[in-house]
Protein chains: 2
Amino acid sequence: MTATPPPRVTIKDVAARAGVSKGAVSLAFNHKPGLSEATRDRIFRAARELGWAPSSTARTLAGSRVDVVGLAVCRPARLLGLEPFYMEFISGVESVLVERSCSLLLRLVRSPEEEVGLMESWWRGRQIGGSILVDFRADDPRPAVAGRLGLPVVAVGHPSLTGGLTSVWTDDATAVTEAVRYLAALGHRRIARVGGAAALGHTSIRTTAFDEAVRSLEPAARAWQVATDFSGDAGARATRSLLAAAPGERPTAIVYDNDIMAVAGLSVAAEMGLRVPDDVSLLAWDDSQLCRLTHPTLSAMSHDVHGFGAEVARTLFGTITGEGPGSHPVPTPVLTPRGSTAPP
Amino acid sequence: MTATPPPRVTIKDVAARAGVSKGAVSLAFNHKPGLSEATRDRIFRAARELGWAPSSTARTLAGSRVDVVGLAVCRPARLLGLEPFYMEFISGVESVLVERSCSLLLRLVRSPEEEVGLMESWWRGRQIGGSILVDFRADDPRPAVAGRLGLPVVAVGHPSLTGGLTSVWTDDATAVTEAVRYLAALGHRRIARVGGAAALGHTSIRTTAFDEAVRSLEPAARAWQVATDFSGDAGARATRSLLAAAPGERPTAIVYDNDIMAVAGLSVAAEMGLRVPDDVSLLAWDDSQLCRLTHPTLSAMSHDVHGFGAEVARTLFGTITGEGPGSHPVPTPVLTPRGSTAPP
DNA sequence: GCACCTTACTGAACCGGTAAAGTCTCTATT
DNA sequence: AATAGAGACTTTACCGGTTCAGTAAGGTGC
């Protein structure tokens, strides 16, 4: 990739026009002391007249800040488009980055190994000042790599998954328990969960919590759990197989790990002639706007994804500026009852 | 944003370890002639042992390639999360970037002016090698700016909007016409369209085309058009007001500019006690997976958004490598009839 | 009137690479 | 044996900033 001929203005031109040295221009643009107001003005005027802005590449090389943070996402591209979660998360991250004139370097990768390689080359190549790590798995290699490289990162995920890295997380276990208790309180005793990708750490946290929550119900209840890839199709398939059993043998309530699958579940129920919530209750997760657009509206575990992203970005800046590792819980998803849940 | 102390390996260390000069290492890593196989091997081995990768920052500064492309999106952050379009578009772009080891610099901006400023500073700061421009408006300032800066860009939008820039576009006018003809063929004579943001160029192209298409129907038909902000809520509101009229006075078919609004429309119809498609037909646009997850499934103008993104990225590389301006149409969205459309 | 500070600014080194010109050695040619 | 030429490297000059050790001018105190 070759760049076009760059007849670009540099600090030297500005210095010449203002009648000072490059050093003076640098001082002015970094708001450092050691210049008279008059000179400062002259420099800024010259820069404005020439349309000059400092090259962040050169600045980076000269050893000061890096104003880019990285985010690699390891999920099949086609699924990502569907997940309202990511775009909203990213927009939250951006909202904080913008304040500090930082940009987000985004990359979709196909495997955790590729992601690790990318982190290394981004960091070594001084392209990023820090990175956001998402979708932790069991025995994730990234904490070790980040440690070895000295790369400032913030991990999105429960501290039990993120190997000592600074982490930002929601208490999924508690949220799952709350969801189960809510459904139980409505009278449900046959409860299913359509989970996300089994390899993901937060999925197994939810799986365990769900199991325990249902097991601890009085009187005894029955549980089902299915793993999916988060896609609507998988959610539809899972729902179909759960609801295929005889009326007394099938779940009366289903919890979904994201809202796309819940929407799919809603449609499967309709297609099978089951009424929601009379015949079966559905409960979504994440609660994007989508949940309020269906009919019936979807009850959901809602969650300020935008704010979550913002907190992640703030935490990352903390890490970059040298704060030690820490654990930053954000508010637990809260149950928002709507039209898709009712007593069985 | 200060970086952590960087005890990082540089080209000098590699050169020392391999017993050659920096120049030799540079030659090796750029696969240029002038080195013996043996030396090349020694250099690569040394680099591997030290875990070195060339700093793209330094490379950029030294005047060679820039391996980052920019994308600024000017829409309210909270809406973006909802739009399946963008993530899918981005994933298409990425699919091509990855092949060339390029990354995407993403930024959400709040105004066209901010976007213009960002382009300037990205380009001046040598942060990007080129940029993707989306969401063109009437009298958009970006073509002029890109021209003035010499910034290689590709515009996503109809050539009539993109002021002579290389553009990649779908033929929205034809697609709208096809949608209208399809509904007319089913027998609809009262057709509405819930459009996107009025300020956007492609919205006005669709608006004009819709108007003409309906006007040219025989026997005469009636048209409604409403502008929205693309959000589900706005789509719901628009649908409610369209369907509030007396049965003989309201549209029997509604076309939506994206699928989120169509989903919202579906739910509004249900809430108003109208059956889809018996009482009213709905037709979505973009056709993400969402359209197949509702009940009834949504008929849609479908569109390979991923492929669209990929084509945009390929075209951008063309522009960066000096290809002259061009117009790259991608396939017109094609009508995919599903369960939400039927004769009135 | 002289030593001593500040203040305001300059000059040069440096960041980690690339690129073009220069050097040295070895082989082929006349 | 002298000359040319190719191959394999090295040297050096940037790229566009930052940083830091100077330095010259003006102000203070005694």
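Note on naming: letters A, B, ... go to the chains in the order of the sequence lines (proteins, then strands), and numbering restarts at 1 for each one. We use all heavy atoms of the structure for the numbers below, so side chains are in, but hydrogens, waters and symmetry mates are not.
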State whether a side-chain donor-acceptor pair under 3.5 Å links [X] with [Y].
X      : Y      : value
B/W122 : B/S131 : no
B/H306 : B/S91  : yes
B/R107 : A/S103 : yes
A/S36  : A/T39  : yes

(request) Classify the ring geometry between A/Y86 and A/F89 as parallel (under 30°), tilted (30 to 60°) or perpendicular (over 60°). (result) perpendicular

(request) When you get a sec, tell me which of D/dG17, C/dG17, C/dC15 is the closest nucleotide to the side chain of A/K22? (result) D/dG17

(message) What's the closest nucleotide to the side chain of A/V20 if the choices are C/dT10, C/dG16, D/dT10?
(response) C/dT10

(message) One thing to verify: whether B/R148 and B/E120 come together as a salt bridge, which I'm taking to mean a side-chain N less than 4.0 angstrom from a carboxylate O.
(response) yes

In whole Å, what is the span from the [atom1] atom of [X] to the [atom2] atom of [N]?
X      : N      : atom1 : atom2 : result
B/L61  : D/dG16 : CG    : C1'   : 5 Å
B/K12  : C/dT18 : NZ    : C1'   : 15 Å
A/R124 : C/dG17 : CZ    : C1'   : 16 Å
B/R59  : D/dG16 : CZ    : C1'   : 19 Å
B/I11  : C/dG16 : CD1   : C1'   : 7 Å

(message) Report for the helix from C/dG1-D/dC30 to C/dT30-D/dA1: angle between first-end and last-end helix axes, five pairs each, rounded to 10 degrees.
(response) 50°

(request) Check whether any side-chain N or O of A/W52 sits under 4.0 Å from OP1 or OP2 of D/dG17, and answer yes or no. (result) yes

(message) Side-chain N or O of A/R126 versus OP1/OP2 of C/dG16: is the shortest distance under 4.0 Å?
(response) yes

(message) Quick check on side-chain contact (heavy atoms from CB on, under 4.5 Å): which of B/T60, B/L104, B/L105, B/L97 does B/V68 satisfy it with?
(response) B/L105

(request) Check DNA chain C against residues 24-44 of chain B and give the residues with a non-hydrogen atom under 4.0 Å, in numerical order. (result) B/S26, B/N30, B/K32

(message) For the aromatic rings, using the six-membered ring if either is Trp, is the centroid distance between B/F29 and B/W52 under 6.0 Å?
(response) yes

(message) Using a heavy-atom cut-off of 4.0 Å across all strands, would you classify B/S21 as base, sugar-phosphate, or nothing?
(response) base

(request) For residues A/I132 and A/V156, determine if any side-chain heavy atom of one lies less than 4.5 Å from a side-chain heavy atom of the other. (result) yes

